[in-house]
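Bear in mind the structure is a predicted one, so any value in this text is a computation, not a measurement. A note on names: the letters A, B, ... follow the listed sequences, proteins ahead of strands, and every chain is numbered from 1.
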Amino acid sequence: MQRSFIARNPSVLVFLAALALFTILVTILAEGAGAGVISTSFVKTLGKTLCLCLVAVAMDLVWGYCGILSLGHFAFFGLGGYMIGMWLMYARTEEIVLSANAGAALPMTPQELSDGIAAQIFGVVGGSELPWVWSFAHSLPLQLMLILLLPGLIALVFGWLAFRSRVAGVYLSILTQAMTLALSLWLFQNDSGLRGNNGLSGLQNIPGLAEVPQATLSLWFLWASAFALGGFYLLAAWVVSGKFGSVIRAIRDDEARVRFLGYSVEGYKLFVFTLTAMIAGIAGALYYPQAGIVNPAEIAPIASIYLAVWVAIGGRGRLWGAVLGAAAVSLVSSWFTSGQVPAVPLGFYTVEWTDWWLVLLGFGFVAVTLFAPNGLAGLVERIFIRGAK
Amino acid sequence: MSALLEVSGVTVTFDGFRAINDLSFEIGPAELRAVIGPNGAGKTTFMDIVTGKTKPDTGRVLWGEESRSLLRMSEAEIARAGVGRKFQRPTVFEDQSVFDNLLLALRKNRSPFGVLFYRRSAEDKARVEALAAEIGLADQLGRLAAELSHGQKQWLEIGMLLAQEPRLLLVDEPAAGMTPAEREHTTDLLVQAAKTRAVVVVEHDMEFVRRLDCKVTVLHEGRVLAEGSLDHVTRNQEVIDVYLGR
């Protein structure tokens with residue numbers, strides 16, 4: 001018999017312990033818990049980073065392990081955000097409309113209430129009716145289900161069409177870019193029913209929890225994000241550790257050979273593509289309430305390319321490498337683009353990091369590709385684990 | 001004795017070039033067969049058709065007792081029906097251990113969900129170890145396939161084919177690039193395998209074919225030129241003209 005999954009993969013335990021330690025430390029030092037060393041906005045940044053780590057785990061599963069370079073997974077992330085955002089915005093607006101009407105002699109009819117909410121939400125795009133896509137927005141359970149179902153369904157249909165036609169390699173990457181571009185262009189339209197380029201906003205206000213301060217809410221979301229990252233990391237590690245992992249790595253390395261072994265390669269790709277799209281949706285649904293706003297720009301093709309860059313820099317084919325890459329690059333990125341990094345005066349030219357950060361990231365990517373093909377994780381392994389092996 | 005595989009009247013054209021021209025071929029359930037022929041004779045295309053990689057323009061490919069057509073099945077379905085294929089270049093999964101390579105090939109449920117919840121039993125472990133002993137890699141189970149020598153990779157691939165428990169084994173130039181000792185081992189493996197299943201070996205090397213000591217099919221320009229014992233076909237004037245006489 002096989003030894004238990006954890007015994008064969010001690011690194012999973014190390015990761016979970018590190019994640020728990022990190023969460024506890026941030027909680028103790030945060031404003032919401034009293035110590036006040038870490039500001040609420042930075043707690044939110046850390047919580048968002050955990051969500052980015054989660055979507056990076058999904059990306060590593062689909063690209064690093066199964067060899068599908070999807071450049072569209074951020075679309076699923078964004079969709080997750082939109083799905084939770086619709087409920088947040090609807091329920092919050094409902095509260096506002098009801099309280100505005102509190103003094104009136106007659107209670108509002110359902111139609112009046114619905115019209116009131118629609119006018120509030122869609123005033124900015126000149127609409128006053130709830131579009132059909134908001135049919136379920138009044139129900140938290142239904143929107144929560146959509147977080148999983150919508151990205152999953154889109155990935156299933158898209159993947160079925162693409163994999164069945166044996167679209168692979170760079171052609172598949174281009175196709176996924178087209179998918180995310182089409183989605184973002186559609187969302188940009190005012191009549192898409194999702195407020196065009198305004199996106200959904202005010203998502204940091206949780207309906208029914210108006211009296212809970214943001215300092216406390218930010219901690220709740222940090223915990224939820226950490227819990228989701230830990231849980232899905234465990235799931236991903238379990239999926240790749242057994243025979244399933246062996247099959248998808250074989251598909252990555254020689255797809256035709258796997259076919260002649262009798263495995264339906266298309267079925268496996270579809271499974272991984274859909275599963276990771278759903279994980280991305282969950283990550284997005286946790287991210288955007290912390291960000292406060294989701295708009296079509298979030299789904300722009302470049303976002304999905306960044307996701308691939310994080311995983312490449314962190315180290316493909318190692319789940320903790322993806323987490324490392326996403327955390328390091330996104331945190332450094334938000335530092336450089338925050339304007340807090342001192343500019344470098346060269347006399348004839350001043351290097352402003354908000355403009356030059358992308359150049360630096362580009363050089364970093366080239367350096368990793370040339371000198372550390374296994375990414376940061378490969379470097380760490382070479383330094384610390386080589387001796388043990 | 002009914003045939004295990006029956007190919008009849010098959011024609012394949014690539015951009016006007018007839019790679020296979022009205023080819024007919026038959027093999028029984030436990031038979032060793034060598035297929036020889038000059039370059040471009042259609043040997044690899046023939047294998048591509050049987051394994052489902054290439055769809056012919058015309059003709060029939062029938063399989064098994066029930067004479068199922070292989071033409072409507074995908075590569076994976078054909079492989080599950082019992083056709084195993086070994087490529088000329090050894091294709092093993094270099095990133096994985098010898099053990100995992102063999103386990104991957106072991107005849108088991110191949111659906112994604114079946115594989116996801118697969119737990120290795122003691123029986124499967126013993127089966128993998130027995131296969132490794134058969135191909136002479138018993139002490140290499142924990143090594144990465146990438147670290148094996150060329151000959152060892154060829155054997156690992158043959159081992160993976162045996163693990164699939166196919167009823168028909170298609171082997172493309174198994175002896176290419178092997179040392180004389182490695183060739184001998186390979187011959188033994190193939191002769192042994194052919195006792196319980198059909199084995200088709202495509203080979204250039206006459207010496208290797210002679211050692212297999214089996215019926216030979218000579219292909220030329222996409223059709224069968226001659227069939228029979230090696231001595232029989234080498235005496236055939238047509239064969240001498242197109243192939244041996246050059």
Please state whether the side chain, the backbone, both or neither of B:S74 comes within less than 4.5 Å of a heavy atom of chain A.
neither
Non-hydrogen atoms of chain A under 4.5 Å away: do they reach the side chain of B:E75, the backbone, both or neither?
both
Heavy-atom distances under 4.5 Å only: say whether [X] touches chain B with side chain, backbone, both or neither.
{"X": "A:V258", "result": "both"}
{"X": "A:F271", "result": "side chain"}
{"X": "A:D253", "result": "side chain"}

Test item: [X] and [Y] side chains (from C-beta on) under 4.5 Å apart, heavy atoms:
{"X": "B:L102", "Y": "B:L156", "answer": "yes"}
{"X": "B:V171", "Y": "B:V200", "answer": "no"}
{"X": "B:F25", "Y": "B:I27", "answer": "yes"}

Between A:I248, A:T276, A:V239, which is the residue that forms a side chain to side chain contact (heavy atoms under 4.5 Å, CB included) with A:Y65?
A:I248
Pair B:E66 + B:R68, salt bridge at N-O below 4.0 Å
no
Can B:D48 and B:R85 be counted as an ion pair, charged N to O under 4.0 angstrom?
yes
If you draw the axis of the six-membered ring of A:W320, does the NZ or CZ of A:R318 fall within 45° of it and under 6.0 Å from the ring centre?
no
Among [options], which residue forms the greatest number of heavy-atom pairs with chain A at distances under 4.5 Å?
{"options": "B:E77, B:E157, B:E94", "result": "B:E157"}
{"options": "B:L104, B:D124, B:N101, B:L103", "result": "B:L104"}
{"options": "B:R107, B:M160, B:Q96", "result": "B:Q96"}
{"options": "B:A79, B:P166, B:G52, B:A76", "result": "B:A76"}

